[in-house]
Amino acid sequence: MAVTLIIILFAVALDRLFPDRARVPPFLWYEDWARSVEQRFNAGTRGQGLATVIVVAGPVILGVALIRYVLSHISYSLVYIFDILILYLCLDLYRLTQWAAAVSEALESGDVLMAATHLEAMTTKTTGDVTESSIAQAAVEAVLKQANVAIMAPLFWFILFGPVAVVLQRLAALLDRLWGHRNPQYAEFGWAAARLNDILGWVPARITALSYGIMGSFEDALHCWRRQAGMWSDINSGPLLASGFGAMHMSACEETDDEDGSGATVTHGFVVNAADIRRAVALLWRVLLFWLAVALLMAGARLFGVFG
């Protein structure tokens, strides 16, 4: 446990020092490759989608496992360095907080269009309603959801099964973002990628949602989780958003009729602004520090048990 904690701390430190990865997204090459494979395989069936996921994810997973195996026969110091680098590449803590801060600062300065531009860069999705409140709410939602995908889920799978698992989780999230769309081109083909990401994110999402309550308003978080999580069709977004908004007192958790499953009315009666984006980032940091403190106590208890 102590070694794992040290690896995590080094990876977080690297993410802090080099959040932009030398301005080269670590998985950009993989996205291009996945798109090229998809163009050849996509005929609109689930079977082809599953085969494509195996084709594009399998070699990378096997490569990571093989490299780590070889390094373990050379020196365990190299294994630790390799684990740190893999986790560093899969984490996205500081870049997420930087984009959120950029959106907040643009809104505070009154530049709504610039805030919308930063939001699109943060979410890789086009912004529909360009108003201060809608942009602020979308940014808060992005922080609450990406805290799980880009931070908590990678840490969860790394602690359980090491670098191979964390790479699989990151690739699943990326493939879901590329193919998990509800349009004729990807409705069936993207099913496998979407389900894989849902499965790998299910437990971490609920740990993260619970953590929002622990580090925020616990009663409101659980109340909103129970009453509003079903408003989203995404099985992992519901608990994260409902609990997160409740933890920050941003929702009355009233019963609502959300026909499209988007959860757009979750903050009914509450006007979201730039300050709430900063509150969401602060909640994210409290959650991360909470679990690091728990891990430190567990490591300390284990050492005390060994040497006491």
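One-based numbering along the sequence shown.
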Original post:
Any cation-pi pair here, Arg206 with Trp202, using under 6.0 Å and within 45°?
Top reply: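 Yes, Arg206 lies over the aromatic ring of Trp202.
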**OP:** Report the relative orientation of the aromatic rings in Trp99 and His118; use parallel for angles under 30°, tilted for 30 to 60°, perpendicular for over 60°.
**Re:**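 Answer is tilted, since the angle falls between 30° and 60°.
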Between [X] (side chain only) and [Y] (backbone N and O only), is there a donor and an acceptor less than 3.5 Å apart?
{"X": "Trp157", "Y": "Leu200", "value": "yes"}
{"X": "Glu108", "Y": "Ala275", "value": "no"}
{"X": "Arg278", "Y": "Ser104", "value": "no"}
{"X": "Gln146", "Y": "Met122", "value": "yes"}
{"X": "Thr117", "Y": "Leu113", "value": "yes"}
{"X": "Ser109", "Y": "Ala106", "value": "yes"}
{"X": "Asn148", "Y": "Ala205", "value": "yes"}

Subject >> Pairs involving residues 73-83, ordered by first then second residue, that meet side chain to side chain donor-acceptor pair (under 3.5 Å) (sequence neighbours left out) >> reply: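 Counting only pairs at least two positions apart or across chains, the side chain to side chain donor-acceptor pair (under 3.5 Å) contacts touching residues 73-83 are Arg68-Asp83.
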Validation row: [X], [Y] side chains within 4.5 angstrom (heavy atoms):
{"X": "Arg35", "Y": "Asp32", "value": "yes"}
{"X": "Phe290", "Y": "Ile214", "value": "yes"}
{"X": "Leu87", "Y": "Leu155", "value": "yes"}
{"X": "Leu283", "Y": "Leu144", "value": "yes"}

**OP:** Assess whether atom OH of Tyr94 is packed by more than 12 heavy atoms of other residues, nucleotides or ligands within 6.0 Å.
**Re:**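 Yes, enclosed.
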Original post:
Under 6.0 Å from the CD atom of Gln185, do we count more than 12 heavy atoms belonging to anything else shown?
Top reply: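 Yes, CD of Gln185 has more than 12 neighbouring heavy atoms, counting only those of other groups under 6.0 Å.
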**OP:** Quick one: do Val140 and Val272 satisfy side chain to side chain contact (heavy atoms under 4.5 Å, CB included)? Show the steps, please.
**Re:** CA-CA 9 Å; Val140 171; Val272 187; 4.1 Å; yes
Subject >> Spatial distance of atom CG (Leu174) from atom CG (Asn197) [nearest 0.5 Å] >> reply: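 The distance works out to 10.0 Å.
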